[in-house]
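Worksheet for the structure shown next.
Scope of the values below: all heavy atoms of this structure, side chains included, with no hydrogens, waters or symmetry mates. All ligand and atom numbering here is 1-based and tracks the order in the structure.
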Amino acid sequence: MVPFPYADEYPINRALPEEGALRSDVLAELEDLARREDRTWETGQCSGTMYCGDHDHYDFLNQAFSYFSHVNTLQRDMCPSATKFEAEIIAMTLDLLGADSRSATPAGLVTSGGSASIAHAVLAYREAAAGSVGRANMIKPETAHPAFDKAGHLFGVEMRVAPVDPATAQVDLDWVRDHVDANTVALVGSACNYGYGTIDPITELGEIALDRGVGLHVDGCLGGFILPFGRELGYVDAPFDLSVPGVTSMSADTHKYGYALKGTSVLCFADRALRNSQYFYQPDWSGGKYCSPGMDGSRSGGLLAATWAAMVHLGRSGYRDYARHIFETAAAMQRAVLEHDQLRIIGSPSFLFSFTSDDFDIYHVNDFLRTRGWRLNGQQYPNALHMAVTRPQTQPGVLERWRADLADAVDYAVAHADDPAQSGAIYGGVAGGPTSESDDIIRFFMADMMDQQQSIPD
Ligand SMILES: *Cc1c(COP(=O)(O)O)cnc(C)c1O
């Protein structure tokens with residue numbers, strides 16, 4: 001177990017304190033912890049996760065949140081503003097993702113995050129087909145997010161995993177075509193996927209979907225709010241959105257490149273009927289008539305307000321400017337990778353890229369970069385590292401540090417090529433495939449995060 005966080009600096013609460021602490025003390029502790037933890041990413045050396053990275057913007061969102069933080073969006077008679085915010089968030093996202101070109105009744109759902117958008121999509125496909133199929137199945141490229149497998153686990157939908165080409169990270173379309181059967185309710189493509197930043201062949205997947213009469217969900221959780229601007233700027237040519245024939249739903253996370261607060265995502269449907277298939281109504285409960293559009297019950301009006309605020313404040317030009325800097329930086333960071341013969345970029349990525357080495361375990365590069373304060377995401381099968389470029393990397397000096405530190409990291413990796421890499425043991429794949437030990441590691445991680453209350457020091 002990792003030591004209990006901040007155990008020697010602040011009092012630990014094993015039970016509710018009898019007398020509450022002063023607001024000023026509580027806030028001082030929170031501010032101290034937040035400021036210190038913010039330093040881990042403010043350098044621009046951390047992949048993904050802090051998409052905007054601009055404290056003025058966060059202050060603005062927090063203010064927007066604060067006006068409605070205490071409001072429950074279930075009680076719309078008390079907060080018609082929530083209906084306005086939600087409708088406009090959905091309309092703006094549908095417009096951005098090309099919905100109007102194909103469908104008379106596009107619709108959407110604001111959810112609590114990417115996994116939730118994916119889960120609601122999986123549920124909607126299952127429910128829309130209920131009665132006409134046996135146990136529903138969906139087909140996802142291996143590179144599609146585990147949220148699909150999790151949704152399958154939650155809702156009893158079989159998730160068939162299509163292989164991808166290891167060099168291009170593109171899905172095997174023949175495999176997909178061959179595995180559609182009478183119980184298939186939808187296919188999945190990503191724009192772009194989390195591991196490699198590559199866009200699946202959405203046009204071709206759409207053709208298969210139309211041909212076989214199944215749905216196609218495009219996972220734009222990561223790319224939904226940046227790829228449309230990348231396309232305007234000439235960085236993206238592959239079609240990926242709701243304007244592609246056959247695409248029936250698309251998720252896009254406002255809490256990633258939408259630059260809103262954590263806890264929101266938009267799930268778009270080409271046709272309202274599909275969304276409505278997963279609505280929940282309980283008209284005869286003794287506690288009153290009940291309905292909710294998704295899995296959540298009470299939701300904070302603050303999140304809708306803050307998401308809406310981010311979108312209307314930034315506008316297209318704001319998103320485009322951010323995208324320009326991110327795509328430029330990502331391209332320059334990739335050029336720095338390609339300056340090294342030992343390194344290879346996987347597929348044709350965009351603002352997020354993944355690289356590996358055929359000469360040494362890439363986790364040696366990670367081991368060294370960690371000593372210089374970099375925090376990349378580790379991948380496996382094959383071992384690789386990825387960098388999701390966000391606004392913190394676009395700060396002056398970060399690119400230069402990347403180039404210099406990467407060169408030193410390659411030297412280190414060459415020198416240590418015969419030793420086992422340290423971080424590889426944790427994040428990397430086990431040669432020859434997963435083992436029971438690699439399974440234990442992930443269980444240990446979860447326990448470390450979740451069972452700390454049992455190890456609170458005396
Ligand atoms: C982040 C992400 C998800 C899951 O989103 P959460 O917000 O973490 O639940 C799904 N798909 C892709 C491509 C992602 O990057």
Side-chain angles (χ1 to χ4, degrees), residues 46-52 89 93 97 108-123 138 140-155 159 161-162 164 169-171 186-202 205 216-228 230 236 238 240-241 247 249-268 294-296 299 303 306-307 310 323 326 330 346-347 349-354 376-379 384-390 445-446 449:
C46 173
S47 167
T49 186
M50 299 299 167
Y51 294 87
C52 188
I89 292 166
T93 308
L97 299 180
L109 201 61
V110 178
T111 74
S112 61
S115 301
S117 284
I118 288 168
H120 284 87
V122 170
L123 183 60
M138 290 177 59
K140 72 156 216 175
E142 194 281 331
T143 46
H145 199 275
F148 289 98
D149 308 82
K150 181 162 124 183
H153 160 76
L154 290 169
F155 301 134
M159 205 53 62
V161 179
V164 300
Q170 292 288 296
V171 66
L187 312 178
V188 173
S190 304
C192 53
N193 60 57
Y194 169 85
Y196 301 105
T198 52
I199 300 175
D200 283 317
I202 304 300
L205 287 169
L216 170 57
H217 180 83
V218 174
D219 180 11
C221 283
L222 196 58
F225 280 93
I226 186 167
L227 291 178
V236 178
F240 58 83
D241 64 13
V247 176
S249 59
M250 181 166 180
S251 45
D253 287 357
T254 32
H255 72 187
K256 288 181 178 161
Y257 292 98
Y259 310 114
L261 291 178
K262 289 287 185 264
T264 59
S265 167
V266 183
L267 173 57
C268 297
M295 281 186 280
D296 290 329
R299 288 187 294 153
L303 282 175
T307 302
I326 289 170
I346 299 174
S350 49
F351 57 89
L352 180 162
F353 62 91
S354 168
L376 272 60
N377 301 84
Q379 296 169 258
L385 301 175
H386 96 209
M387 181 79 204
V389 180
T390 57
F445 263 132
M446 190 78 98
M449 179 165 70

Discussion item. Run the side chain to side chain donor-acceptor pair (under 3.5 Å) test against T93 and tell me which residues pass, sequence neighbours left out.
Written reply: none
Discussion item. My understanding is that only residues two or more places apart in sequence, or in another chain, count here; which of them pass ring-ring contact (aromatic ring centres under 6.0 Å, His included) with Y51?
Written reply: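 ring-ring contact (aromatic ring centres under 6.0 Å, His included) check on Y51 returns Y257.
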Item to complete: Could I get the full list of ring-ring contact (aromatic ring centres under 6.0 Å, His included) partners for H386, not counting sequence neighbours?
Response: Y194
Discussion item. With no hydrogens and no angle check, just 3.5 Å: does a side-chain donor-acceptor pair link T198 and N193?
Written reply: yes
Fill in: Distance-only donor-acceptor check, side chains S117 and S251, under 3.5 Å
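No - no donor-acceptor pair under 3.5 Å links their side chains.
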Worksheet item: Is H145 close to C221 at the side-chain level, that is, under 4.5 Å between some pair of heavy atoms?
Response: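 Not in contact.
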Practice prompt. Run through ligand 1 for me and note each protein residue having a heavy atom under 4.0 Å from it, chain first, then residue number.
Written response: G113, G114, S115, I118, H145, C192, Y194, D219, C221, L222, D253, H255, K256
